[in-house]
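These notes are about the structure you will find just below.
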Amino acid sequence: MSGYQQPGDLRQAQALAALAPREAQAFLALKKFEERADGTIPEKYRALISIAVALSTQCAYCIDAHTRRAAAAGACREEITEVGFIVAALQAGAAVGHGLLALRLFDEAAARV
C-alpha cells in the first residue's frame with residue numbers, strides 16, 4: 001500500500017475503536033457476520049464478494065484483508081482477476097446509468113431556463 005494508507009496505520013485500530021466504542025462494536029459485529037464460515041454462501045465466494053466491494057470502495061486495507069482471506073479459502077489468481085474486471089464493468093455501467101440521470105436532470109433544468 002502506498003500514499004496515505006499504510007499498513008502501520010492499523011496499529012491505531014484499538015485507539016480508533018476506543019474513541020467510538022459503540023460504533024466500533026457495531027462495525028465489528030457486521031465484520032464478523034460477513035466473515036462467518038457457516039453461511040449459505042461458501043466462504044470462498046463470501047471472500048470474493050468482499051474483494052469486489054473493497055475494490056469498488058477502493059479501501060486498500062479491505063482489499064488486503066479480503067484477498068488474504070480469499071487465498072486461504074482456496075481462491076485462485078484467475079478468480080481475483082475476474083472479480084476486478086467484473087467490478088470495472090459494473091462501475092462503468094453505473095457511470096452510464098448516472099449519465100442517464102445527469103441527462104434527465106439537465107433537460108429538467110434547461111426547461112426551466
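Here, residue 1 is the first one in the sequence, and each next residue gets the next number. Note that this is a predicted model, so its numbers are computed, not measured.
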Please tabulate, for side-chain N and O atoms in residues 12-34, each donor-acceptor pair with protein atoms closer than 3.5 Å (sequence neighbours left out).
from, atom 1, to, atom 2, distance (Å)
K31, NZ, E35, OE1, 3.3
K31, NZ, E35, OE2, 2.8
E34, OE2, S50, OG, 2.3
E34, OE2, R69, NH1, 2.8
E34, OE2, R69, NH2, 3.0

Expected list for residues 77-86: side-chain donor-acceptor pairs under 3.5 angstrom, two or more places apart:
from, atom 1, to, atom 2, distance (Å)
E79, OE1, K44, NZ, 3.4
E79, OE1, C76, N, 2.8
E79, OE2, K44, NZ, 2.8
T81, OG1, R77, O, 2.9

| task | Taking Y61 for its side chain and D9 for its backbone only, find out whether a donor-acceptor pair lies under 3.5 Å. | result | no
| request: Would you give the length of the straight line joining atom SG of C62 to atom CG of L55, rounded to the nearest 0.5 angstrom? | output: 10.5 Å
Enumerate donor-acceptor pairs with a distance under 3.5 Å from any side-chain N or O in residues 99-107 to protein atoms, sequence neighbours excluded.
from, atom 1, to, atom 2, distance (Å)
R104, NH1, E108, OE2, 3.0

| message | Keeping T57 on the side-chain end and V53 on the backbone end, is there a donor-acceptor pair under 3.5 Å? | response | yes
| Shortest non-hydrogen separation from L48 to A75 and the atoms involved | CD2-CB, 4.1 Å
| task | Any chance you could measure E43, atom CD, to I41, atom CD1, to the nearest 0.5 Å? | result | 12.5 Å
| query | For R46, which residues count as a salt bridge (Lys or Arg N to Asp or Glu O under 4.0 Å) partner, sequence neighbours excluded? | reply | none
| query | Take atom CZ in R36; do more than 12 heavy atoms of anything else shown fall under 6.0 Å from it? | reply | yes
